[in-house]
Structure formats: structure tokens, C-alpha cells
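Presented below is the structure to which this report refers.
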Number of protein chains: 2
Amino acid sequence: MSKRKVERLNLLKFMPFRLNRLAAEFSTALAVEYMARFGIDIPEWRVLATLGLYDTPRSAQYVVRCTRTHKSRISRAVGSLVALGYVARAEAIDDRREVMLELTPKGRAVYGELVPLLLKREEAILSCLSAEERAQLDHLMDKLEQSFDLVQCED
Amino acid sequence: MSKRKVERLNLLKFMPFRLNRLAAEFSTALAVEYMARFGIDIPEWRVLATLGLYDTPRSAQYVVRCTRTHKSRISRAVGSLVALGYVARAEAIDDRREVMLELTPKGRAVYGELVPLLLKREEAILSCLSAEERAQLDHLMDKLEQSFDLVQCED
DNA sequence: CCTTGACTGTTGCAGTCGCAACTGTATAAC
DNA sequence: GTTATACAGTTGCGACTGCAACAGTCAAGG
């Protein structure tokens, strides 16, 4: 009796594994656009993307919340971007603990050049899905993100 | 003239970013099950899962292909698992370059204990989706994986 | 004012990762 | 048999990451 059959798990059907693989592949496919061309990596791209979305300076803390990336990672990414001349640091006037960040003209130029390339790449990858499937994907991501409380990024 | 409006990109709607975040959150939520309890990390879990699916030994190279994880990472993960007594290494008879791997009884016990826990966790996280939505998710992942050629893992 | 606690951003440190070089083995060509 | 090429797995090394400790700043309470 007993000796129940062992429950098995197919890694290829296991969602966290699949998501990790897909995310890694997706990122790698896009990274070629900014890695070599502009000398920036993923965390740096995230800072660039966050700052590029607005026309007014944002604090580092804001970037941390928006990108859900660890503050040490953001801090170092900002350091690199400043060294590259893409981002300028300035003290905040109202709260001198904060570091206000904004894109330099050079940084804006890179942003303006990079965004269409990345959107085109994303589009190319998602082109294996129909319009309806893409809407589904968007919807599913929304729901999963909400269940993880990943959505807060107030303006 | 000119000075076209700069195309912008909302990171929160950008699929590679969303996938990365979701994958990280998903993995973290599951990692608590095996990290503390059995002292293994993600690459080690992948090896365990691959070997646990079958009753016969597999080569390290097989695990590499199946998990799409770099061979150095697999090599080190196997080292840890051997040290923990979960996995046994043996030379292959037909090709002495290969290292054949199989779970020890202790490793099988861990696998048998771990799998239900992980499936339960996965289930809990995906429970925010309806049955239809889950089928959609599965289908979308399949299509995206195929477009990346992530599917090959022959038996 | 002064103390306490909280918050922002930086940095030292230890752990992890991927690349590339290396060892040992197999296979093919001669 | 010998040589050359290809492959499996390991390991040293440099790069990156997160954690925790830290310095500087702010706000509240006595």
C-alpha cells in the first residue's frame, strides 16, 4: 500500500521558469540596441527611460519607485550616465537630501534616438501575436501585476 | 520647421520591462519555499527539477539544454547539490567526457516534498486569473517561446 | 535648541554570474 | 598511429548585484 506516486513538475510548463526565460530572451534581443551603440546597460536604460518620459527633473527616489529597482543599482547607474554626459545631477532646493536628476541635451538626443529603435524591436517580437492576442497579453500582465501590487507609480 | 515631437516610451507599458519585473516577482515569491527550507537557490532548483522528471540519469549537457542555463552555472549548481547529498555524479560509460547525474534517495525525497509546495504556490499566484485567462496565458507563452526558438528540449 | 527617528543617496563587501581559457575525451582524416 | 578538430565539463577572473552600514538632511517633540 501507500508509496503514492511522486508528483512531478515539468520545468517547461512551470510559469516562473517560463517567465524568466522569456524575459531574459526579450531583454537580450533589445539590449543590442543600447549596449554597443550608446554604452549603457539595462539599469542605465531604465533611468534614461524614466527621466525621458517627463520634461522636469525627478528625484533618484522617484526613479527607484518607478522602476522598482534597488536604490544602490540606480545610484550606480546614475553615476555612469553622469559620466557619459547623459544625465545631470542637482541638489533639490526644498529637500537637500534628494538628488534631482534630468537628462542633458545629449541624453535627450540619445533618448530620442533610442526609443523608436526599441519600440520597433518590441513590435517585431510581438508581431508573432495577433491584435487580439496582444490585447490579451496586455490584460493578463495587468492582472498579474496587480496581484503582485506592482502597479504603483504615482506621478 | 521640423523639430518633430519626441517619441516617448512608458516603461510601465514596455513589455521587456514588465516581463522582467513579473518574472523576478514570481521567482521571489516561490524562492522562499526552497531557499531556506532546503538550502538551494534557483539554478540548483532547476537541476533538481530536470533530474526529478525522469528515473534515469541525465548528462550535465542535457540539463544545460533543458534549462537553457549556462554550463558554468549548471556545473556549480551540481557541485552544491552533490555537497548537499541531493545529486550523485557518475562517469558515462559510452562517452567518458560526459558526467551523468541522478538524484540520490535524499534528493528524490526533497524533490517529492518540494514539487507540491511549488505547484501550490504557482496555483495561488495564478488564481487571480480565470480558467479561460490561464489558457490564454499558456497559449501566448507558447507562441512567444516559439518565436524565440525556446522550445527545443528533446527527450 | 537639542534629541530622536525617519528618510535620501552612496559605498564597502561578499556572493553570484558569464566569458574565456583549460583539461580531458571522442571522432575523423590521413 | 598521428594529427587535427570538436565536444563535455571545470575553473580563474572580472563585472555586476544586493545588503547593510554610513553620512547628510529633515521633521517632531520636549
Side-chain angles (χ1 to χ4, degrees), chain A residues 17 20-21 23-25 27-29 31-32 34-36 39-47 50-51 57-84 87-102 154, chain B residues 17 20-21 23-25 27-29 31-32 34-36 39-47 50-51 57-84 87-102 154:
Chain A
F17 174 73
N20 263 311
R21 265 202 324 166
E25 209 75 18
S27 292
T28 303
V32 296
Y34 43 88
M35 297 287 280
I40 60 179
D41 60 13
I42 292 184
E44 283 152 28
W45 149 246
R46 288 183 181 178
V47 174
T50 305
L51 297 178
R58 306 277 143 171
S59 72
Q61 180 60 30
Y62 177 82
V63 178
V64 165
R65 279 199 310 273
C66 246
T67 61
R68 291 191 79 87
T69 304
H70 195 276
K71 61 180 182 173
S72 62
R73 224 164 144 186
I74 295 298
S75 173
R76 288 187 253 251
V78 168
S80 305
L81 290 170
V82 169
L84 287 168
V87 166
R89 257 194 269 242
E91 271 192 1
I93 32 176
D94 52 327
D95 185 339
R96 287 171 51 219
R97 289 172 303 181
E98 292 184 339
V99 175
M100 297 307 283
L101 303 169
E102 68 181 331
E154 72 290 353
Chain B
F17 174 73
N20 263 310
R21 266 206 320 170
E25 208 77 17
S27 292
T28 303
V32 297
Y34 44 87
M35 297 289 280
I40 61 178
D41 60 14
I42 291 184
E44 283 152 30
W45 149 247
R46 288 183 182 178
V47 174
T50 305
L51 298 179
R58 307 276 144 172
S59 72
Q61 181 59 30
Y62 177 83
V63 177
V64 165
R65 278 199 311 273
C66 245
T67 61
R68 290 190 81 88
T69 304
H70 195 276
K71 60 180 181 173
S72 63
R73 225 165 145 186
I74 295 298
S75 173
R76 289 187 251 250
V78 168
S80 304
L81 290 171
V82 169
L84 286 168
V87 167
R89 259 194 267 241
E91 270 191 2
I93 34 175
D94 53 326
D95 186 339
R96 287 170 51 219
R97 289 173 302 181
E98 292 185 340
V99 175
M100 298 306 284
L101 304 169
E102 68 180 332
E154 73 292 352

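Quick caveat, the model's predicted, so the values are computed rather than measured.
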B/Thr69 side chain to B/Arg46 side chain, donor-acceptor N/O pair below 3.5 angstrom
yes
Identify which nucleotide among C/dC17, D/dG18, C/dT8 has an atom closest to any side-chain atom of B/Pro43, counting heavy atoms from C-beta outward.
C/dC17
For C/dT25, does OP1 or OP2 lie under 4.0 Å from any side-chain N or O of B/Arg96?
yes
Mapping A/Ile93 and A/Ser72 to their closest nucleotides on DNA chain D, which lands nearer the 5' end?
A/Ser72
Round to a whole Å and report the spacing from CG of A/Asp94 to C1' of C/dT8.
13 Å
Please confirm whether the backbone N or O of A/Asp41 pairs with a side-chain atom of A/Glu44, one donor and one acceptor, at under 3.5 Å?
yes
Atom NZ of B/Lys71 and atom P of C/dG18: how far apart are they, to the nearest Å?
13 Å
Round to a whole Å and report the spacing from CG of B/Leu101 to C1' of D/dG9.
10 Å
Side-chain N,O (B/Gln61) to OP1/OP2 (D/dC7) below 4.0 Å
no
B/Arg73 side-chain N/O to C/dG15 phosphate OP1/OP2 under 4.0 Å
no
Check the distance between D/dT17's P and A/Ile74's CD1 and give it to me in whole angstrom.
10 Å
In whole angstrom, give the distance that lies between atom CZ of A/Arg76 and atom P of C/dG9.
15 Å
Could you say whether A/His70 or B/Glu91 is positioned toward the 5' end of DNA chain C, judged by the nucleotide with the nearest heavy atom to each?
A/His70
Do side-chain atoms of B/Ser75 reach the backbone of B/Lys71 as a donor and acceptor pair under 3.5 angstrom?
no
Residue-phosphate contact under 4.0 Å: A/Arg65 side-chain N/O, C/dG9 OP1/OP2:
no
Position toward the 5' end of DNA chain C (nearest nucleotide), A/Arg97 or A/Val78
A/Arg97
Rounded to whole Å, please give me the gap between CG in A/Asp41 and P in D/dG14.
20 Å
Interatomic distance where CZ belongs to B/Arg58 and P belongs to D/dG9 [whole Å]
14 Å
Using atom CD of B/Glu98 as one end and atom C1' of C/dT27 as the other, report the distance to the nearest whole Å.
14 Å
Nucleotide of D/dG9, D/dC26, C/dT8 approaching A/Asp95 most closely (side-chain heavy atoms)
D/dC26
Side chains of A/Glu102 and A/Leu51, heavy atoms from C-beta outward: is any pair under 4.5 Å?
no
Looking only at atom types and distance, does a side-chain atom of A/Thr28 sit under 3.5 Å from a main-chain N or O of A/Ala24, one as donor and one as acceptor?
yes
